[in-house]
Amino acid sequence: MGIIVAIDGPAGSGKSSTAKEVARRLGFTYVDTGAMYRTVTLEALRRKVDVKNEDQVAQIAQEIIIGFKWIEDVHHTFLNDEDVSDKIRSTVVADMVSPVSAIPGVREVLAERQRQIATVDNIVMEGRDIGTNVFPDADYKFYMDADIRVRARRRIKDYQNIGQDLSIDEIVLELQKRDKIDSSRSHSPLKKAKDAIIIDTTDLTFEEQVNKIVTIIQY
Ligand code: DC
């Protein structure tokens, strides 16, 4: 088992960009577990499987191969052999990913895959339940959070990158809806692990949040 750095927190907390850079600086493998839930959601949409049909959605999680690859410094996600990096960021997927990730069968399959990755590599893994459920004994646990309007402002850029123009208010609503479902589901909800270090990024620059984490791990 390698060294495990768990980074949890809500959408827009700065988790993804920070986790990627921390992994790069430490030379660890970066694992985006949200992208795994999004990829299962995309495939369920394509097969027109209703999210209420939990067994069928869990079956999809079993069947598909989810892969990651760095291409010219950009992190890509693959569904079998197809690059779905942009498709999994669309609002259609964002709207459905919370109910999909609330399905216990889906969580069990993906958590098991996440544990397997750590048997070979040193990893920085980001998500919602990494420090609480996937790796309760992780070497380092961080919980990132920020004011909701700051989080929404960060998300605007993500949507612009894939050609979707949304207002701050629309994104605040989307985030609130997602936070509510993610924190109140019965199976491994979004929750700070008791022993996680809180990083509030409301007033931090990107550089500052990365340095905070890297410093704790290195010293
Ligand atoms: O980090 P993200 O926005 O890409 O995550 C997408 C969704 O996946 C999020 O709404 C909650 C879910 N998720 C989860 O339930 N558990 C994880 N470990 C990661 C993400």
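In this structure a side-chain-to-backbone donor-acceptor pair under 3.5 Å is present from Thr201 to Ser13. Lys15 contributes a side-chain N or O that, together with a main-chain N or O of Gly9, makes up a donor-acceptor pair within less than 3.5 Å. Side-chain N or O atoms of Asp121 include none that pairs as donor or acceptor with a backbone N or O of Ile123 at under 3.5 Å. Side-chain atoms of Arg128 do not come within 3.5 Å of backbone N or O of Asp8 as any donor-acceptor pair. Between the side chain of Arg185 and the backbone N or O of Ser188 there is at least one donor-acceptor pair closer than 3.5 Å. Under the 3.5 Å distance criterion, the side-chain polar atoms of Lys157 are left unmatched by any main-chain donor or acceptor of Asn161. Side-chain atoms of Lys141 come within 3.5 Å of backbone N or O of Pro136 as a donor-acceptor pair. Looking only at distances, no side-chain donor or acceptor of Arg38 sits under 3.5 Å from a matching main-chain atom of Val93. Checking side-chain atoms of Ser183 against main-chain N and O of Asp179 turns up a donor-acceptor pair under 3.5 Å. Without hydrogens or angle criteria, Asp129 side chain to Thr132 main chain gives no donor-acceptor distance under 3.5 Å.
Remark: Gln209 CD to Thr18 OG1 distance equals 3.5 Å, nearest 0.5 Å. Interatomic distance, Gln62 CD to Glu112 CD, rounded to the nearest 0.5 Å: 10.5 Å. In this structure, Ile162 CD1 and Thr91 OG1 are separated by 7.0 Å, a value rounded to the nearest 0.5 Å. Atom OG in Ser101 sits 13.0 Å away from atom CE in Met36 (nearest 0.5 Å). Here the CD-CZ distance, from Glu21 to Arg24, works out to 4.0 Å after rounding to the nearest 0.5 Å. Atom CD of Gln59 sits about 14.0 Å away from atom CD of Glu54, to the nearest 0.5 Å.
Counting all heavy atoms, side chain and backbone alike, Gly131 lies closest to Ala193 at O-CB, 3.8 Å. Between Val109 and Ala61, the shortest heavy-atom distance links the atoms CG1-O, 3.7 Å.
Taken together through direct or relayed side-chain contacts under 4.5 Å among Ile, Leu, Val, Met, Phe, Trp and Tyr, Ile3 and Val214 form part of one hydrophobic cluster. No continuous path of ILVMFWY side-chain contacts below 4.5 Å connects Ile199 to Leu190, so the two sit in separate hydrophobic clusters. Note on Ile130: it does not cluster hydrophobically with Val210, by side-chain heavy-atom contacts below 4.5 Å among ILVMFWY residues. Cluster membership for Met125 and Tyr140, using ILVMFWY side-chain heavy atoms within less than 4.5 angstrom, is not shared. Hydrophobic clustering (side-chain heavy atoms under 4.5 Å, transitive across Ile, Leu, Val, Met, Phe, Trp, Tyr) keeps Val124 apart from Met1.
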Kindly determine whether Ile197 and Tyr143 satisfy side chain to side chain contact (heavy atoms under 4.5 Å, CB included), including the steps that lead there. CA-CA 6 Å; Ile197 298 168; Tyr143 188 87; over 6 Å; no
Can you check side chain to side chain contact (heavy atoms under 4.5 Å, CB included) on Ile64 and Val40, steps first, answer last? CA-CA 8 Å; Ile64 61 172; Val40 172; 4.1 Å; yes
With side chain to side chain contact (heavy atoms under 4.5 Å, CB included) as the test, would you mind laying out the steps for Phe135 and Asp137 before giving the verdict? CA-CA 5 Å; Phe135 295 114; Asp137 297 324; over 6 Å; no
Could you walk me through whether Ile217 and Val22 pass the side chain to side chain contact (heavy atoms under 4.5 Å, CB included) check? CA-CA 10 Å; Ile217 296 169; Val22 169; 4.3 Å; yes
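Sorted by first then second residue, the salt bridge (Lys or Arg N to Asp or Glu O under 4.0 Å) pairs that include residues 205-219, not counting sequence neighbours, are Arg25-Glu207.
When the options Leu45, Val97, Val100 are evaluated for a side-chain contact (heavy atoms from CB on, under 4.5 Å) with Val51, the one that passes is Val100.
No hydrogens or angles considered: nothing links the side chains of Tyr159 and Glu170 as a donor-acceptor pair under 3.5 Å. Side chains of Gln114 and Thr33: a donor-acceptor N/O pair is absent below 3.5 angstrom, by distance only. A side-chain N or O of Asp200 and one of Thr202 form a donor-acceptor pair less than 3.5 Å apart. Side-chain atoms of Gln160 and Gln164 include no donor-acceptor pair closer than 3.5 Å. Between Ser16 and Glu126, the side chains place a donor N or O and an acceptor N or O closer than 3.5 Å (distance only, hydrogens not considered). With no hydrogens or angles considered, a side-chain donor-acceptor pair links Ser98 and Asp182 at under 3.5 Å.
Between Arg155 and Asp158 there is a salt bridge, with a side-chain nitrogen of the basic residue lying less than 4.0 Å from a carboxylate oxygen of the acidic one. Using a 4.0 Å cut-off between charged side-chain N and carboxylate O, Arg46 and Glu82 make a salt bridge. Between Glu174 and Lys177, no side-chain nitrogen of the basic residue sits less than 4.0 Å from a carboxylate oxygen of the acidic one, so the salt-bridge criterion is not met.
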Solution key, residues 66-80 side-chain donor-acceptor pairs under 3.5 Å, sequence neighbours excluded:
residue : atom : partner : partner atom : Å
His76   : ND1  : Asp83   : OD2          : 2.7
His76   : ND1  : Ser85   : OG           : 3.4
Asn80   : OD1  : Ile65   : N            : 2.9

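Atom CG of Asp81 is surrounded by 12 or fewer heavy atoms from other residues, nucleotides or ligands within 6.0 Å. No more than 12 heavy atoms of other residues, nucleotides or ligands shown are found within 6.0 angstrom of NZ on Lys191.
In this structure the side chain of Arg153 never reaches within 4.5 angstrom of the side chain of Ile148, judged on heavy atoms.
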